[in-house]
Colleague: 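One structure coming up, written as C-alpha cells, with questions to follow.
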Amino acid sequence: MSSDIIDEPDSFEHEPSLTIKEQETKSMSSMDDTPILLTGDNKNEDTINTIDNHDSFDSGAGNVVMHKTPRRRPLVKYEFVMWIIILTITSLACIDRFVWNVWPRQTYTIGAGSAGSDRLEGYKPGPWSVKLYDALARVSGRYAIIAYNFLLITRLKSLEFALMKNSFVSRYLLDCSNIVHANNRLHNWTGIGLCVLTLLHVWSILFPCLTHGYTAKVVPGAWEWPASERTPVKCSVSDEPGCWPGDANVELKQMGLQVDDVFRMVEMTIFLMILMPISVRWLATRWHAAIQLHRVINVVYFVDIVRRHSHPHSWILNTPVFFLYCMDAFVWANYWRRNTLPEVKRIKLGQDYMVLLWKSRFSSSKQIAPHYSIVMQKHDVLEEKHIFTCFENRLQVPLPQQTSSEVMKEDDIDDPVKDKTFEWNAGCVIRVFRTPRQPRLGKLERYSHTMRMYEEDPDYIITGPTPGEMSLKLQSAYELSRGHKTIMLIGAGSAVNYIFDFLLWLGSTHARHNHPTDDNGETAHPIAVIYTTRDDDLFEWAAASLAAVLDHLPDELSQQVDLQLSHTGEMELFGEEGRSSSLHASKHSLHASCRSISFYDQRIDLDREIKSHCKVFCQGSGAFKSAVKKRCDHVKASFFGGEGGH
C-alpha cells in the first residue's frame with residue numbers, strides 16, 4: 001500500500017533527477033566518505049543480535065532492561081517456498097490425471113448418477129486435435145482447482161498478518177519480509193495462468209472443428225444438481241435427430257456440446273477476456289470500482305465451478321478455501337482491531353492534504369509503517385475501507401497541530417477536538433482527492449472518499465494496526481546491518497508517513513538497544529532520508545514534525561540521520577510570524593539534531609545521491625518510484641518500492 005490510499009492514484013510529486021539548488025547544508029561531507037551499513041545482503045553473516053518475542057523489558061521509572069538473543073537468518077524466502085508448493089502440487093495433480101488417477105470423479109454420485117467418467121487409460125480416439133483437446137481438458141481442470149485456491153490464499157490478510165507478526169515461522173524458517181509483494185506476484189501470475197487455461201478448457205472442444213473438419217452439434221441435456229446439465233443418452237454411430245454423439249465422435253467426425261457448454265464459453269469469455277482486464281486496468285485509476293468488479297468475477301467463477309455436477313473435486317477442495325477467504329475479507333478485515341468513532345484530531349494542510357491523529361484503543365504495533373484502514377461511519381455499502389501507511393506515537397512526540405496559514409487566516413481546525421495538546425497514539429498524512437467518482441457506486445460517494453473525510457465531521461471507523469509491505473523489509477534491513485550498505489529512505493507527498501514511523505521506531509525501546517554498530521563497536525553509518533513535496537503547508541508541517549521527532553531521539557540515534565528536504569513549489573510566505581518563521585525554527589532544530597540537514601528549493605538530483613552501496617526504500621507516485629528505480633538499476637543499488645501511488 002502506499003502511504004496514501006489506493007482508492008485513486010496519489011499525486012505524489014513527480015521528482016526525476018534534475019539539478020540542485022542547495023539553500024543550507026550543515027555538513028558538506030559526502031555520503032561516499034562515511035562508514036556504511038551492511039544489510040541482509042551479506043551472506044557471510046550467519047547470526048545477528050536482535051530482540052525476539054521472548055525478550056523481557058521493564059520500562060518502569062525510565063529503566064529499560066532488554067535481553068539480546070542471537071537469531072539465525074530465516075532458512076528460506078517465503079516466495080520461493082510458495083512457488084515450490086504451487087508447482088509441486090499442480091504438477092502432481094496433473095500427472096495423477098494421466099497416470100494414477102487415484103481420485104476419479106466416478107467415485108462420487110449426485111442426483112441421477114455419477115459425478116463424471118474419467119478415462120483411466122489412453123486418450124479419446126481421433127486425430128491429434130482430439131487428443132490435444134482431451135489433454136488440455138485434463139490439465140486445465142486440475143490446474144484450475146489448485147490455482148483458484150492459491151489465488152484466494154494469497155489474499156488472506158489474516159495469514160499475512162500471522163506470518164509477519166514476529167512469529168516463530170518468520171523468525172527462524174521463512175523470510176517473510178517481502179510477503180506483500182510476493183503475494184501480489186503469486187496472485188498475478190497464478191491468476192493469468194488460471195484465466196488462460198480456463199478459456200482453453202471451455203473452447204478447446206472446438207479444436208477438431210478448426211483443424212480436422214469436425215462439425216459441432218449442440219444437444220440440450222437434463223437438469224442436474226446443484227445447477228448443472230447432465231449429458232443425454234449417447235447415440236449409436238448413426239446421426240439420429242436430437243441424438244448426442246458424445247463429446248468427440250470419430251465415426252461421425254462430430255463434437256458434441258450441451259447448452260451449458262455454450263453458456264460457459266460465453267460466460268468465461270465475457271468475464272475473463274473482457275471484464276478481468278478492465279478490472280486490472282482500473283485498479284490503478286478507479287480502485288473503488290475495480291475491486292468490486294474483481295470480486296464479482298471471483299464469485300461468478302466460484303459459483304460456476306461448484307455448480308457443475310461433474311466437478312466433485314471443486315466441491316471438496318475449493319469450497320472450504322472460498323469460505324475461509326470470505327471470513328477473512330468481510331469479518332477479519334473489518335472487525336479485527338476495530339475502532340468505531342475514535343477521538344480524532346484533523347489538521348487541514350491547505351486543500352490537498354490533511355493530517356489525522358487519533359486515540360486508538362489498541363497498543364502500538366512492533367512493525368515499522370503499519371497499515372490502518374479508515375472509512376467514514378456513514379458510507380455506501382460498496383465503499384471499501386481505505387488502507388493507509390501510518391505512523392505511531394511510540395515516543396510521545398507532540399507534533400504540530402496547526403500551520404502558519406491557519407494561524408494567519410484565524411481559521412480554527414474543524415473538528416470536535418479543540419485541545420491543542422491533543423494526546424494521540426496513531427496518525428497519518430492523507431492526500432485529498434477531489435475528482436468525481438467514475439463510475440459512481442452510491443449516492444454518498446460522488447467524489448473521492450478522502451474528500452468526504454476532509455469536508456465532513458471526522459466520524460471514522462478505523463481498523464488496525466496490521467503490518468504493511470515496508471514493515472519487515474525495512475526493519476530487517478536496519479537490524480541486520482553491519483557497515484556495508486547505506487539505508488536510504490525516499491518519499492514524496494504523504495509518503496512522509498513511513499519516514500516518520502521509521503524514525504519513531506528507531507527511538508523506541510526495541511531499536512534503541514539494537515542500533516547497528518560496526519566491527520569496532522562504534523555507531524554505524526547514518527541513515528539517508530530524502531523527502532520532497534511541492535505543497536507549501538505540507539512542507540512546513542513535515543519539517544516541523546521531523547524536527548520534533550528527531551529532537552526526541554537519543555543523540556546516538558539522531559546523529560545517524562542525514563536529512564534532505566526539497567520543496568519544489570512556489571513557497572508562500574506570511575511574514576515574520578508566518579511560514580518563514582516556522583521554517584526557520586524547524587531548520588534551527590534540525591541543525592541541532594541531525595548529523596546533517598539540507599534544504600532545497602528545486603528537485604533533488606537522484607543521480608548524485610543514489611550510489612551502488614545504497615539500499616533504497618521509496619514511496620511515492622508511480623512516476624516518482626520509476627525514476628528512483630531507474631537510477632538504482634543503473635548503479636546496481638538495491639530498490640524496494642511501496643505499494644500504491646500509481
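As the structure is a prediction and not an experimental result, all values here were calculated from the model.
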Colleague: Compute whether any side-chain donor of one residue and acceptor of the other, for Thr533 and Asp535, lie under 3.5 angstrom apart.
Modeller: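 No.
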Colleague: Restricting to non-hydrogen atoms, name the atom on Asp175 and the atom on Pro74 that form the minimum distance, rounded to 0.1 Å.
Modeller: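 Scanning both residues completely, I find the closest heavy atoms to be N-CB, 3.5 Å.
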Colleague: Between Trp541 (side chain only) and Pro400 (backbone N and O only), is there a donor and an acceptor less than 3.5 Å apart?
Modeller: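 Checked: pair present.
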Colleague: Quick one: CG on Asn393 to OG on Ser364, what's the gap to the nearest 0.5 Å?
Modeller: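 So the gap between those two atoms works out to 7.5 Å.
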Colleague: Please find out if less than 6.0 Å separates the ring center of Tyr172 from that of Phe168.
Modeller: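 Tyr172 vs Phe168: aromatic centres under 6.0 Å.
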Colleague: Going by atom types only, do His567 and Glu540 share a side-chain donor-acceptor pair under 3.5 Å?
Modeller: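 Their side chains do not contain a donor-acceptor pair, so the 3.5 Å distance test is not met.
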Colleague: Test Arg295 against Glu384 for salt bridge (charged side-chain N to carboxylate O under 4.0 Å, His left out), laying out the working first.
Modeller: CA-CA 12 Å; Arg295 285 177 174 171; Glu384 290 291 312; 2.6 Å; yes
Colleague: Before you tell me yes or no, could you show the steps for Lys157 and Asp328 under salt bridge (charged side-chain N to carboxylate O under 4.0 Å, His left out), namely the whole-Å CA-CA distance, both residues' side-chain angles and the distance that decides it to 0.1 Å?
Modeller: CA-CA 7 Å; Lys157 293 303 178 182; Asp328 178 271; over 6 Å; no
Colleague: Do you know the tightest heavy-atom contact between Leu553 and Gly507?
Modeller: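 Leu553 and Gly507 have their closest heavy atoms at CD2-CA, 3.4 Å.
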Colleague: Backbone N or O of Ser626 within a donor-acceptor pair of the Arg631 side chain at under 3.5 Å?
Modeller: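 Here the side-chain-to-backbone pair does not exist.
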Colleague: So if I apply the ring-ring contact (aromatic ring centres under 6.0 Å, His included) rule between Trp358 and each of Tyr372, Phe391, Tyr460, Trp424, which one comes out positive?
Modeller: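 With Trp358 as partner, ring-ring contact (aromatic ring centres under 6.0 Å, His included) holds for just one option, Tyr372.
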Colleague: For Lys359, run the salt bridge (charged side-chain N to carboxylate O under 4.0 Å, His left out) check against Glu392, Glu343, Glu423 and tell me which one passes.
Modeller: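 The single option meeting the salt bridge (charged side-chain N to carboxylate O under 4.0 Å, His left out) with Lys359 is Glu343.
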Colleague: Does atom OH of Tyr335 have more than 12 heavy-atom neighbours, drawn from other residues, nucleotides or ligands, at distances under 6.0 Å?
Modeller: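 Atom OH in Tyr335 is not crowded, with 12 or fewer foreign heavy atoms closer than 6.0 Å.
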Colleague: Locate the shortest heavy-atom distance separating Ala329 from Asn334; write the atom from each residue and the value.
Modeller: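 Residues Ala329 and Asn334, closest heavy atoms: O-ND2, 3.5 Å.
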Colleague: Between Ile374 and Cys428, is any pair of side-chain heavy atoms under 4.5 Å apart?
Modeller: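 Of all side-chain heavy-atom pairs linking Cys428 with Ile374, at least one is under 4.5 Å.
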Colleague: Output the distance between atom SG (Cys390) and atom CG (Leu357), rounded to the nearest 0.5 Å.
Modeller: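 Here the rounded value is 10.5 Å.
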Colleague: Would you name the heavy atoms of Lys366 and Trp505 that are closest together and state the gap between them?
Modeller: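 Nearest pair, atom of Lys366 first, then Trp505: O-NE1, 3.6 Å.
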Colleague: Output yes when a side-chain donor or acceptor of Asn497 lies under 3.5 Å from a complementary backbone atom of Val429, and no otherwise.
Modeller: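 Yes.
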Colleague: Is the Lys NZ or Arg CZ of Arg431 less than 6.0 Å from the centre of Phe433's six-membered ring, within 45° of the axis?
Modeller: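 So Arg431 does make the cation-pi contact.
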Colleague: Yes or no on side chain to side chain donor-acceptor pair (under 3.5 Å) for His613 and Thr486, after CA distance, side-chain angles and deciding distance?
Modeller: CA-CA 6 Å; His613 59 71; Thr486 298; 2.8 Å; yes
Colleague: Is the backbone N or O of Arg361 less than 3.5 Å from a side-chain atom of Asn339, with the two atoms forming a donor-acceptor pair by type?
Modeller: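 Such a contact is found between Asn339 side chain and Arg361 backbone.
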Colleague: Cation over ring, Arg155 on Tyr325, under 6.0 Å and within 45°?
Modeller: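 Checked: cation-pi criterion not met.
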Colleague: For the pair Thr450 and Tyr353, evaluate side chain to side chain contact (heavy atoms under 4.5 Å, CB included) and give the outcome as yes or no after the intermediate values.
Modeller: CA-CA 10 Å; Thr450 55; Tyr353 289 92; over 6 Å; no
Colleague: Can you check whether Leu174 reaches Val81 side chain to side chain, under 4.5 Å on heavy atoms?
Modeller: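 Side-chain contact under 4.5 Å: yes.
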Colleague: Do Ile86 and Thr190 come within less than 4.5 Å of each other through their side chains, counting heavy atoms only?
Modeller: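 Ile86 reaches Thr190 side chain to side chain.
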Colleague: Quick one: OG1 on Thr389 to CD1 on Ile368, what's the gap to the nearest 0.5 Å?
Modeller: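 Between Thr389 OG1 and Ile368 CD1, I get 12.0 Å after rounding to 0.5 Å.
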Colleague: Heavy-atom distance under 4.5 Å between the side chains of Ile527 and Tyr478, does that happen here?
Modeller: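 Touching, per the 4.5 Å side-chain cut-off.
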Colleague: Mind checking whether Trp336 and Phe161 have parallel, tilted or perpendicular rings, split at 30° and 60°?
Modeller: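 Perpendicular.
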Colleague: Mind telling me whether His187 and His294 have parallel, tilted or perpendicular rings, with 30° and 60° as the class edges?
Modeller: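 The rings of His294 and His187 sit tilted, inter-plane angle from 30° to 60°.
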Colleague: Evaluate the criterion side chain to side chain contact (heavy atoms under 4.5 Å, CB included) for residue pair Phe388 and Ile430; output intermediate values, then yes/no.
Modeller: CA-CA 8 Å; Phe388 299 85; Ile430 297 175; 3.4 Å; yes
Colleague: Donor-acceptor pair, distance only, cut-off 3.5 Å: does the side chain of Gln367 make one with the backbone of Gly468?
Modeller: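 No; judged by distance alone, with no hydrogens or angles, the pair does not exist.
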Colleague: Is a salt bridge present between Lys77 and Glu79, judged by a nitrogen-to-oxygen distance below 4.0 Å?
Modeller: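 Salt bridge flag = no for Glu79 with Lys77.
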Colleague: Decide yes or no for Tyr78 and Asn183: does some side-chain heavy atom of the first lie under 4.5 Å from some side-chain heavy atom of the second?
Modeller: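 Yes. Closest side-chain heavy atoms under 4.5 Å.
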Colleague: Given Glu469 and Gln619, is the side chain to side chain contact (heavy atoms under 4.5 Å, CB included) satisfied, shown in steps?
Modeller: CA-CA 11 Å; Glu469 78 279 2; Gln619 285 198 4; 3.3 Å; yes
Colleague: Do the side chain of Arg337 and the main chain of Pro465 share a donor and acceptor less than 3.5 angstrom apart?
Modeller: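 Looks like yes, one N/O pair under 3.5 Å.
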Colleague: List the atom of Ser494, the atom of Leu538, and the distance in Å for their closest heavy-atom pair.
Modeller: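 So the two residues come closest at N-CD2, 4.4 Å.
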Colleague: Is atom NZ of Lys629 surrounded by more than 12 heavy atoms (other residues, nucleotides or ligands) closer than 6.0 Å?
Modeller: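 No, NZ of Lys629 has 12 or fewer neighbouring heavy atoms, counting only those of other groups under 6.0 Å.
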Colleague: Are any non-hydrogen side-chain atoms of Tyr600 and Thr532 less than 4.5 angstrom apart?
Modeller: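 Not in contact.
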Colleague: Using modelled atom types and a 3.5 Å cut-off, is there a donor and acceptor pairing between side-chain atoms of Lys625 and backbone atoms of Gly642?
Modeller: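 Yes: the side chain of Lys625 pairs with the backbone of Gly642.
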Colleague: Specify the closest pair of heavy atoms between Lys615 and Ser638, including all atoms of both residues, with the distance to one decimal.
Modeller: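 Closest heavy-atom pair between Lys615 and Ser638: NZ-OG, 3.4 Å.
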Colleague: When you measure from the side chain of Tyr531 to the backbone N and O of Gly493, does any donor-acceptor pair fall under 3.5 Å?
Modeller: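 Flag set: sc Tyr531 to bb Gly493 pair under 3.5 Å.
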Colleague: Classify the angle between the aromatic ring planes of His449 and His386 as parallel (below 30°), tilted (30 to 60°) or perpendicular (above 60°).
Modeller: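 Rings of His449 and His386: parallel, as their planes differ by under 30°.
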Colleague: Under a 3.5 Å distance rule, please check whether Ser360 uses its side chain to pair with a backbone N or O of Phe362 as donor and acceptor.
Modeller: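 The answer is yes, because a donor-acceptor pair under 3.5 Å joins these two groups.
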Colleague: What distance do Leu159 atom CG and Leu163 atom CG have between them, rounded to the nearest 0.5 Å?
Modeller: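 Between Leu159 CG and Leu163 CG, I get 4.5 Å after rounding to 0.5 Å.
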Colleague: Atom CD1 of Ile604 and atom CD of Glu609: how far apart are they, to the nearest 0.5 Å?
Modeller: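 Going from CD1 on Ile604 over to CD on Glu609, the span is 6.5 Å.
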Colleague: Rounded to the nearest 0.5 Å, how far does SG of Cys618 lie from CG of Leu489?
Modeller: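 Taking CG in Leu489 and SG in Cys618, the distance rounds to 9.5 Å.
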Colleague: What do the steps show when you test Asn425 against Gln396 for side chain to side chain donor-acceptor pair (under 3.5 Å), and what is the final call?
Modeller: CA-CA 8 Å; Asn425 56 10; Gln396 303 305 308; over 6 Å; no
Colleague: Does Ala547 offer a backbone N or O that forms a donor-acceptor pair with the side chain of Asp551 under 3.5 Å?
Modeller: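 Here the side-chain-to-backbone pair does not exist.
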Colleague: Before you tell me yes or no, could you show the steps for Arg338 and Ile461 under side chain to side chain contact (heavy atoms under 4.5 Å, CB included), namely the whole-Å CA-CA distance, both residues' side-chain angles and the distance that decides it to 0.1 Å?
Modeller: CA-CA 7 Å; Arg338 178 185 176 101; Ile461 297 173; 3.3 Å; yes
